[in-house]
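To keep things clear, I will list the structure first and then write my remarks on it.
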Amino acid sequence: IKVVHSRRSVRVFKDEPVDHKDLMECLELALLAPTSSNLQCWEFYWVKAKSEKEKLKSYCLNQSAAKTAQELVVCVARTDTWKVNRNQIISHMKENNKTPKSALKYYEKIVPLAYTQGLFGILGKVKRILIAFIGLFNPIPREPTSNSDMRVWAHKTTALACENLMLALRAYGYDSCPMEGMDSVRIKKMLKLSRKSDICMVIG
């Protein structure tokens with residue numbers, strides 16, 4: 001209760017260093033957030049180099065929450081890593097003899113069916129038509145059936161992990177601030193991110 005009630009989006013930070021060990025532990029706690037099908041479509045970039053940090057502050061429009069922050073973490077949503085993560089899950093399941101066949105089948109059959117959109121999103125459009133027809137008679141998951149839906153999916157999951165991170169920071173005695181006001185194009189270029197990476201937020 002104390003952690004949730006005491007968390008605030010702080011706009012001006014004290015000039016006190018953050019223990020790097022604490023921040024690393026908080027990032028590890030962020031990764032324990034729930035994700036759709038455990039596909040973990042997120043990445044966190046803790047920008048440490050002073051020159052890069054100064055650039056990032058300017059890309060966050062030099063707002064006080066960025067300018068006075070001792071540390072900055074860029075939270076990235078990925079729509080293109082689900083296949084790699086799925087394959088790792090399947091590999092792990094096959095090493096475990098106790099894995100239920102239904103769970104393995106879910107990752108081998110259902111996950112690709114749900115998340116594959118196809119070239120130019122064509123498969124997604126076909127899925128949307130089929131789902132609309134089936135939905136006339138039975139409840140059915142409606143999304144994702146487009147690349148836009150995939151972006152929404154990735155951002156929802158990443159935001160859950162961001163909240164984990166901010167609550168963990170508060171539990172460790174730190175304040176934080178999630179920022180959306182930023183030049184996402186410049187940040188992506190600085191971090192050399194792929195085209196299918198989206199900046200969800202920057203946390204100071």
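Annotation: side chain of I187 is not in contact with side chain of S184 (no heavy-atom distance under 4.5 Å). Taking 4.5 Å as the limit, every side-chain heavy atom of T157 sits out of range of all side-chain heavy atoms of L39. E108 places a side-chain heavy atom less than 4.5 Å from the side chain of I90. Two residues are said to be in side-chain contact when any heavy atoms from C-beta on lie closer than 4.5 Å; R78 and E43 meet this criterion. For the pair L191 and V47, the minimum side-chain heavy-atom distance is below 4.5 Å. Between M182 and L61 there is no side-chain heavy-atom pair separated by less than 4.5 Å. Using a 4.5 Å cut-off on side-chain heavy atoms (C-beta onward), N147 and F120 make no contact.
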Does the side-chain contact (heavy atoms from CB on, under 4.5 Å) test come out yes or no for L113 and K109, once each step is laid out?
CA-CA 6 Å; L113 184 64; K109 307 290 185 184; over 6 Å; no
Determine, stepwise, if the pair Y59 / R186 fulfils side-chain contact (heavy atoms from CB on, under 4.5 Å).
CA-CA 7 Å; Y59 298 161; R186 282 186 165 84; 3.4 Å; yes
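Under 3.5 Å, the side chains of R170 and S6 contain a donor-acceptor pair of N or O atoms. There is a side-chain donor-acceptor pair under 3.5 Å between W153 and S36.
For R7, the CZ atom sits in a packed shell: over 12 heavy atoms of surrounding residues, nucleotides or ligands are nearer than 6.0 Å. Summarising the local packing, CZ of R86 is surrounded by more than 12 heavy atoms from other residues, nucleotides or ligands at distances under 6.0 Å.
Contact check on K53 versus E71 returns a salt bridge, with a Lys/Arg side-chain nitrogen under 4.0 Å from an Asp/Glu carboxylate oxygen. At a threshold of 4.0 Å, the pair R8-D175 does not count as salt-bridged, since none of the basic side-chain nitrogens sits closer than that to a carboxylate oxygen. Between E25 and K21 there is a salt bridge, since at least one side-chain N of the basic residue sits less than 4.0 Å from a carboxylate O of the acidic one.
The hydrophobic cluster around V84 extends to none of the other residues, as no ILVMFWY side-chain heavy atom falls under 4.5 Å of it. The other residues sharing a hydrophobic cluster with Y174 are V18, L23, M24, L27, L29, L31, L32, W42, F44, W46, V73, L165, M166, L169, Y172, M201, I203, where clustering joins ILVMFWY side chains under 4.5 Å apart.
Scanning for ring pair (Phe, Tyr, Trp, His ring centres under 6.0 Å) contacts around H92 gives an empty result, with sequence neighbours left out. Here F133 pairs with F137 under the ring pair (Phe, Tyr, Trp, His ring centres under 6.0 Å) rule; sequence neighbours left out. In this structure F13 satisfies the ring pair (Phe, Tyr, Trp, His ring centres under 6.0 Å) test with no other residue, sequence neighbours excluded.
A side chain to side chain contact (heavy atoms under 4.5 Å, CB included) with D80 is found for one member of R195, M150, K196 and no other, namely K196.
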I'd like a table of donor-acceptor pairs (distance under 3.5 Å, sequence neighbours excluded) in which one partner is a side-chain atom from residues 97-104, with atom names and distances.
residue : atom : partner : partner atom : Å
T99     : OG1  : M93     : O            : 3.0
T99     : OG1  : N96     : O            : 3.1

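With hydrogens and angles disregarded, a donor-acceptor distance shorter than 3.5 Å links the side chain of K188 to the backbone of S197.
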